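In what follows, every chain begins at residue 1, and chains take the letters A, B, ... in the order their sequences are listed. Remember, predicted model here, so these are calculated numbers, not experimental data.
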2 protein chains.
Amino acid sequence: MQDHAGHTHPHDHNGLLTQLAQAGYRMTPQRAMIVDAIENSHNHISAEEIYSSVVTRYPHVNISTVYRTLDLLKAKGLVTETDLGNGRVSYHPTSKGHHHHLVCHECQAIIDLEESVFIELKSKLKNQYGFMADIEHLAIFGHCSKCIS
Amino acid sequence: MQDHAGHTHPHDHNGLLTQLAQAGYRMTPQRAMIVDAIENSHNHISAEEIYSSVVTRYPHVNISTVYRTLDLLKAKGLVTETDLGNGRVSYHPTSKGHHHHLVCHECQAIIDLEESVFIELKSKLKNQYGFMADIEHLAIFGHCSKCIS
DNA sequence: AGAATTATTGCAACAAGTTGCAATTAATAA
DNA sequence: TTATTAATTGCAACTTGTTGCAATAATTCT
């Protein structure tokens with residue numbers, strides 16, 4: 001396995017890859033590079049963007065491996081998946097914190113929300129329905145203040 | 001145009017088709033049958049189900065027409081679109097009332113919610129962000145009471 | 001009613017994401 | 001270090017949904 005470092009977190013001993021390994025999953029160069037692309041993305045990253053990033057260093061990689069690694073990370077709760085309505089689903093490492101978005105249907109603006117906005121809803125769903133809502137990275141669609149006025 | 005009736009609302013003078021016509025859109029047999037399938041569906045219906053229903057009476061129809069009609073109905077606010085996480089997007093006529101769902105990631109159970117659950121969130125988003133959220137048919141994912149215990 | 005206009009449709013190609021299966025390879029045992 | 005085993009990958013085929021474009025047909029005008 002070649003060295004895939006050179007970014008902000010050279011070896012990432014507490015990163016996603018290590019967490020996968022500790023959960024009993026195998027450490028493959030594909031996973032290392034996929035995870036590296038996700039961790040070094042500034043905010044959101046799509047499957048295609050991850051693939052593009054990996055394929056330059058490892059041309060053999062297939063995009064289905066990217067999707068399968070994302071499925072694994074989702075199932076382990078290590079990344080969140082959000083559909084921001086732009087035709088490609090966005091991914092974000094859970095470790096970088098929860099956040100949410102308002103998406104304007106008219107001007108496509110994306111407004112960031114604090115996590116606290118959904119605390120009340122979450123406890124309501126827990127108390128009234130016994131349901132533990134996975135509200136970690138939600139997109140709510142509608143019309144922004146600019147487009148209303 | 002052949003008669004496409006035979007269901008609960010034989011001519012549907014106040015239905016989706018009439019509303020489209022009043023908005024200046026053309027009345028085509030395809031649209032009549034697509035809209036008929038939606039209005040006569042018991043709860044949710046998918047694009048494929050609409051297509052299957054229409055194609056038996058009108059074999060020439062193409063599924064892209066179904067998708068385009070759904071886009072139109074969505075844009076006019078006449079149907080709502082919800083991804084219940086089962087691989088196919090579900091549609092529902094707005095006129096039959098708003099409702100929401102909790103979807104269990106573990107057992108795939110779908111729990112129906114009253115609209116009132118989101119009133120508080122909606123006003124919070126309006127007051128704090130000036131954002132009018134289109135919360136008409138939401139699916140919230142998480143873990144149901146049975147799967148937690 | 002017949003001609004003109006233009007929205008709508010069917011088609012085929014495309015995009016995003018999923019899946020079954022044989023080949024590969026990381027981890028483990030010998 | 002080599003052999004074993006089973007997770008993982010690449011590939012190709014598939015599913016759901018989208019889009020450009022030429023042909024069709026609903027509506028409007030005469």
### Query
To the side chain of B:A47, which of D:dC11, D:dG17, C:dG10 is closest?
D:dG17

### Query
Nearest-Å distance, CG (A:D71) to P (C:dG17)?
11 Å

### Atom-to-atom span, CD of B:E48 to C1' of D:dT15 - whole angstrom
9 Å

### Cationic N near anionic O, under 4.0 Å, B:R57 to B:D36
yes

### Task
Would you kindly give the CG-to-C1' distance between A:L73 and D:dT8, to the nearest whole Å?
14 Å

### Message
Testing B:H99, B:E81, B:H98 one by one against B:H137 for a side-chain contact (heavy atoms from CB on, under 4.5 Å), which residue passes?
### Response
B:H99

### Task
Check if the side chain of A:R88 and the base of C:dA16 share a donor-acceptor pair of N or O atoms closer than 3.5 Å.
no

### Closest-nucleotide 5' rank along DNA chain D - winner of B:Y25 and B:Y91
B:Y91

### Task
State the CG-CZ distance between A:L20 and A:R31, to the nearest 0.5 angstrom.
6.5 Å

### Query
Where the side chain of A:N62 is defined as all heavy atoms beyond and including C-beta, which of D:dC11, C:dT8, D:dT8 is the nearest nucleotide?
D:dC11

### Query
Does A:R26 make a side-chain donor-acceptor contact with the base of D:dA7, cut-off 3.5 Å?
yes

### Task
Side chain of A:V61 only, please: which of C:dG10, D:dG10, C:dA16 is the nearest?
D:dG10

### Query
Which nucleotide in the set D:dT9, D:dG10, D:dA26 lies at the smallest distance from any side-chain heavy atom of A:R31?
D:dT9

### Flag side-chain contact, heavy atom, 4.5 Å: A:Y129 against B:I111
yes

### Message
Nearest to the side chain of B:H60, heavy atoms from C-beta on, is which of C:dG10, D:dC11, D:dT8?
### Response
C:dG10

### Query
Can you check the A:Y67 OH to D:dC14 C1' distance for me, whole Å?
14 Å

### Message
In whole Å, I'd like the distance from the OH atom of A:Y51 to the P atom of C:dG17.
### Response
14 Å

### A:T28 side chain near C:dT25 phosphate (N/O to OP1/OP2, under 4.0 Å)
no

### Query
Looking at D:dT19, C:dA16, C:dT9, which one has an atom nearest to any side-chain atom of B:T65?
C:dT9

#### Entry: Polar contact flag, side-chain donor to acceptor under 3.5 angstrom, A:H92-A:T80
no

### Summary
Whole-Å distance, A:I63 CD1 to C:dG17 P, equals 8 Å

### Message
Could you tell me how far apart B:I34 (CD1) and C:dT8 (C1') are, to the nearest whole angstrom?
### Response
11 Å

### Message
On DNA chain D, does the nearest nucleotide to B:Q30 precede the nearest nucleotide to B:S46 from the 5' side, or the other way round? Give the residue.
### Response
B:S46

## Note on the structure
A:M33 CE to D:dT8 P, in whole Å, measures 16 Å

### Message
Distance criterion of 3.5 Å, no angle test: do you see the side chain of B:R68 paired donor-to-acceptor with the base of C:dG10?
### Response
yes

